[in-house]
Each structure stands twice: as C-alpha cells, then as structure tokens.
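Single-structure report; data block below.
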Amino acid sequence: MKWMKFPKRYLIVILTFVSTCVCYIERVGFSIAYTVAADAAGINQSSKGTILSTFYYGYACSQVPGGWLAQKIGGRRVLLLSFVLWSSTCFLVPLDPNRVTVLVVARLLVGVAQGFIFPSIHTVLAQWVPPHERSRSVSLTTSGMYLGAAMGMLVLPSLVKFRGPQSVFLAEAALGVMWSFLWFKYATDPPRSEHQKATAASFGESVLPTKVSQKIKVENGPAATVRTSKIPWKRILVSGPIWAIVVNNFTFHYALYVLMNWLPTYFELGLELSLQEMGFAKMMPYFNMFIFSNIGGVVADHLITKRIMSVTKTRKFLNTVGFIVSSLALIALPIFRTSGGAVFCSSVALGFLALGRAGFAVNHMDIAPKYAGIVMGVSNTAGTLAGIIGVDMTGKLLEAAKAEYSDLSSPESWRAVFFIPGLLCVFSSFIFLLFSTGERIFD
C-alpha cells in the first residue's frame, strides 16, 4: 500500500537519476580503461586527446535531433532507445588502442546514443514535475552524473588492475541493460494532469508537436477551433536568456570534461600518484559534485517557494557563486603539489560548478517549459562542443608542455590546462548576470 501511494513522478525522477549515474560511469570508465591501455601501447598525449574527444563529436550531432525526437515520440521511448544502443556498442567493441578506426567509430556511436539522453530526460521532467519541485528534481537527476563519476573513479581502476581494461566495457554494458529493463518495466508517459495547476504551469501537458503544420484542437464551448503551432526556432536562436544558458553550459562542460578526462593523467603524471593507491580520495571531486548539486537544488527551491528571492535572482545568485568560487579553485589547482591539496582544489572546483547548475541548468524550464527538450538540446550542443575543444586542446597543450619541460610533473606543464576553464567561469557568470531571466518567455 505504501508503494501504491508513492507518487509516480518521484519514481521517474529516481530512474532518471540512476540513468545519468550509469552514463557517467561509462564515460569515466572509458577514460580510465583507455588511458591504461594507451599508455601500455605507447600512445602519445595528443593522440589520446583525439580519441577521448571523439565521443563528443557524436554527442554534439545528436543533441538537437534528440530533443526533436523526444518531442515527437516521447522522451520515455527515446531514453530507452539510447541506452540499448550505447550498451550494445560497449558490449561488442574490443578496447585495442592500436585499432584506431574501430575505437573512433565505437566512440562516435556511443556519443550519438548518449546525446539523446539529456534532451529526453528534460522532456520527461518537464511533463512530470511541477514547477515548485523542478530545481531539486533536476538537481537530483543531474547529480547522478557526479555520483556515477565518483563510483567509476573509486571502483574501475581496481577492475582494470585485476581484470583488464576490457572488463570495464562489459561491466558498463551490463549496467546499461539492467537500467533499460527497469525503465521499460516502470516508466510510463504522464497522465494529462496530476496537478491542479498543470495547464498554467505546462506540467502534465503533452509536449508541443514538432511538425510545422500539425493541428492542435482548442476547445471553445461546444465547437472546437483549430490552430497551427510550430516550434519558434528563430526566437529560440536569437533569445538573450537562452544564449546566457548556452554560454554557461559551454563553460560548465568545458571544465567538467577536461577534468573528467585528464584528472587521472594529472594524478598519475602531474603528481606521480597511483590511482589504485589513492583509495577514496580520487572519488572526492565527483562525490562533492553530487553533494553540492543537491544542495543547490534544495536551496533554490527554498528561496523560491518561501519568496525570499524571485526566480530570476535565485538563478543568478547560485550561478554566480558557483562559477566564481570554481574559477578560483581551478586557477589555484596546479599550485598544490600534494595529493590532499590537489583533491581539495578539484573538489571545490567541481563542487561549486555543480552548485551553479541550480542557476543555468534549470533555467530553460523556467523560460520555456514546453520546449525544454529542444532548448536543452541546443544548450547541450554547446556543452558538447566544449568537450570536443577542451579535451582535444588539452592533449595538445600537454604534448607541447612535455616538449618544453621534458615531462608533465612540473606545475607549469598544467597551468594553462586549468587557467582556461577558470577564466571561462568568470566570463560566463557575467553573461548570466546580464542576460538571464527566471520569467517564462515562451508560451
């Protein structure tokens, strides 16, 4: 009976949380497994950066199509399709650094499949979650990324050590299949409304049709009139508040993807530490993200529901605090030459970045709830471009530093790597202060 009274939207949020957790176990897992295999094969840093960034090319290509497809056939179906595709690829592809073409194609396929995930999730949440629960629901869902990254950093190095790099692919595929079964069994499309203010808040509504000429009935007494609706692409692409979200999404993911893909290398070559011997310390940056992401969501909803701050001021406040503190920690990171100092700095940097998500990452549901999947697709495309640029450029920066300083153990070798995202954080926070709003601007 207690299970029957458990609101279905909470189950949906929990399942989406688990989905992001599993996805980031996969991403961190590939970084760890490939780094070990590539180092054993003598692959240089620039080539490693190219392979690590390949995922993001596929990921970028499917963001907007993923949002469009989620609007068309439903986020629930697209999310299931995505998991089946990337899990199958992980299961079938061998991890051999010398088979570059196979790895490139595989990472592109995984990137395309995972590119559907976040637009689909935001389409689902925009339908299921009422406005006063959105900050903490989105924060909980996205915090799964960081818990997944933390779990990956904790468990997968040992799995690689005892079972080899290929075992990571098989473990990730198994997790993807298990989640797919749970989603298929328990996830449903929302009822027309399970909240008395659904219509006004765009909660519980069907998402807007994507066909330009698709007809929507509007009841006006006994007779029904018909109007044509279409996605306002031009308004979306020239909107200042949407560009504020896009810029901050770019910066967030630049910092996140650079650290996610290169932090293992920084620990091993920059600080000459063994990941296996670091124990729980190596997972702390991502675990901190998990904690701070949920703190940000709870604080945001509290400030809004208690009317301490308006939605606009709440988003700007949390975004600014998160990004400015993170910028300071990123710039200071190469100064610390001990395990504890590096873990502390990277934890602060990533934790406050996650806090900032309660600003920009929920904002598209404030300003365009009906188009949440589309706007998320546009925004996440920018974030993915950041992954392509940041991860690949970091490899080239390190290769140049290695040529200049003979190895990567000096702080000078890593200064530019962390200074660039630190500077971007300052720039993005000012853009969000100037152009963002918490008001609904798309009906």
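We're numbering straight along the sequence, starting at 1.
For residues 342-362, the pairs satisfying ring-ring contact (aromatic ring centres under 6.0 Å, His included) are F252-F360, F292-F352, F323-F360, with sequence neighbours left out. Within the structure, every pair that satisfies the ring-ring contact (aromatic ring centres under 6.0 Å, His included) test and touches residues 87-124, not counting sequence neighbours, is listed here: H122-H364. Sorted by first then second residue, the side-chain hydrogen bond (donor to acceptor under 3.5 Å, both in side chains) pairs that include residues 348-358, not counting sequence neighbours, are Y146-R357.
N288 places no side-chain N or O within 3.5 Å of a backbone atom of M284 that could act as its donor or acceptor partner. One N or O on the side chain of T54 and one on the backbone of T50 form a donor-acceptor pair closer than 3.5 Å. S413 places no side-chain N or O within 3.5 Å of a backbone atom of L408 that could act as its donor or acceptor partner. At distances below 3.5 Å, not a single donor-acceptor pair connects side-chain atoms of S82 with backbone N or O atoms of V78. Listed for the T141 side chain is no donor-acceptor partner under 3.5 Å among the backbone atoms of V138. Within the 3.5 Å criterion, the main-chain N or O of L433 finds no donor-acceptor partner in the side chain of S436. Within the 3.5 Å criterion, the main-chain N or O of T437 finds a donor-acceptor partner in the side chain of N363. A donor-acceptor pair under 3.5 Å links the side-chain atoms of T89 to the main chain of L85, judged by distance alone. Remark: side-chain polar atoms of S429 are paired, donor with acceptor, to backbone N or O of V426 under 3.5 angstrom. With hydrogens and angles disregarded, no donor-acceptor distance shorter than 3.5 Å links the side chain of S293 to the backbone of F290.
Nearest heavy-atom pair, G438 versus T312, reported as atom, atom and distance to 0.1 Å: N-OG1, 2.7 Å. Listed here is the closest heavy atom pair of V100 and P97: CG2-O, 3.7 Å. Summarising the geometry of S326 relative to A349, their closest heavy-atom pair is OG-O, 2.8 Å, with the distance given to 0.1 Å. For A300 against A358, the heavy-atom pair with the smallest separation is CB-CB, 4.3 Å. P165 and L95 get closest at one heavy-atom pair: CB-CD2, 3.4 Å. In terms of heavy atoms, S428 sits closest to N248 at O-ND2, 3.1 Å.
A parallel orientation is assigned to the rings of W414 and F418, their planes being inclined by less than 30° (bins at 30° and 60°).
F317 CZ to S310 OG: the interatomic distance, rounded to the nearest 0.5 Å, is 12.5 Å. In this structure, CD1 on I32 lies 5.5 Å from CE on M153, to the nearest 0.5 angstrom. Of the inter-residue distances, the one linking L303 atom CG with M309 atom CE reads 5.5 Å to the nearest 0.5 angstrom. Distance CG/L108 to OH/Y59: 14.5 Å, rounded to 0.5 Å. Here OG of S239 is found 3.5 Å from CD1 of I441. Values are rounded to the nearest 0.5 Å. For the atom pair NZ of K185 and CG of L182, the computed distance is 9.5 Å after rounding to the nearest 0.5 Å.
W262 pairs by the ring-ring contact (aromatic ring centres under 6.0 Å, His included) definition with nothing, not counting sequence neighbours. W243 meets the ring-ring contact (aromatic ring centres under 6.0 Å, His included) test with no other residue; sequence neighbours excluded. The side-chain contact (heavy atoms from CB on, under 4.5 Å) check on Y10 picks up F6, P7, E133, with sequence neighbours excluded. Residues forming a side-chain contact (heavy atoms from CB on, under 4.5 Å) with V177 (at least two apart in sequence, or on another chain): S87. Judged as a side-chain contact (heavy atoms from CB on, under 4.5 Å), and not counting sequence neighbours, the contacts of L424 are F250, T251, Y254, I420. In terms of the side-chain hydrogen bond (donor to acceptor under 3.5 Å, both in side chains) criterion, residue partners of S47 (sequence neighbours excluded) are, by chain and number, N44. For A150, the side-chain contact (heavy atoms from CB on, under 4.5 Å) criterion is met by M283, Y286, F287, not counting sequence neighbours. Residues satisfying the ring-ring contact (aromatic ring centres under 6.0 Å, His included) criterion with Y24, sequence neighbours excluded, are absent altogether. Every residue was checked against the ring-ring contact (aromatic ring centres under 6.0 Å, His included) condition with F267, not counting sequence neighbours, and none meets it.
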Q. Given L259 and L330, is the side chain to side chain contact (heavy atoms under 4.5 Å, CB included) satisfied, shown in steps?
A. CA-CA 10 Å; L259 289 175; L330 283 166; 4.0 Å; yes
Q: List the steps and the verdict of ring pair (Phe, Tyr, Trp, His ring centres under 6.0 Å) for Y186 and W183.
A: CA-CA 5 Å; Y186 294 109; W183 186 253; over 10 Å; no
Q: For R235 and Y371, run side chain to side chain contact (heavy atoms under 4.5 Å, CB included): C-alpha distance rounded to whole Å, both residues' side-chain angles, the deciding distance at 0.1 Å, then the answer.
A: CA-CA 12 Å; R235 284 184 61 208; Y371 306 104; over 6 Å; no
Q | Test log, rule side chain to side chain contact (heavy atoms under 4.5 Å, CB included), inputs V13 and L125 | A | CA-CA 7 Å; V13 170; L125 294 182; 3.9 Å; yes
Q.
If you apply the rule side chain to side chain contact (heavy atoms under 4.5 Å, CB included), what do you find for Y34 with I43, and how did you get there?
A. CA-CA 10 Å; Y34 174 73; I43 306 295; 4.0 Å; yes
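Between L11 and W128 the shortest side-chain heavy-atom distance does not fall below 4.5 Å. Side-chain contact between I324 and C425 is absent, with no heavy atoms from C-beta onward closer than 4.5 Å. Proximity of F30 to V168: side-chain heavy atoms (C-beta onward) are nowhere separated by under 4.5 Å.
For K396, the NZ atom is densely surrounded, since the number of other residues' heavy atoms within 6.0 Å is greater than 12. For R337, the CZ atom counts as densely surrounded, since its 6.0 Å shell holds more than 12 non-hydrogen atoms of other residues, nucleotides or ligands.
Test T188, D189, T123 against R76 for side-chain hydrogen bond (donor to acceptor under 3.5 Å, both in side chains) and you get one pass: D189. Here the rule is salt bridge (charged side-chain N to carboxylate O under 4.0 Å, His left out) with D366, and of K316, R440, R315 only R315 fits it. The side-chain contact (heavy atoms from CB on, under 4.5 Å) test with L318 is passed by exactly one of T314, V321, T320: T314. Among F181, F184, W179, the one residue that satisfies the ring pair (Phe, Tyr, Trp, His ring centres under 6.0 Å) test with F83 is W179.
Taking a cutoff of 4.0 Å between a charged side-chain nitrogen and a carboxylate oxygen, E26 and R107 qualify as a salt bridge.
In the model, S379 has a side-chain atom that pairs as donor or acceptor with a side-chain atom of N249 under 3.5 Å.
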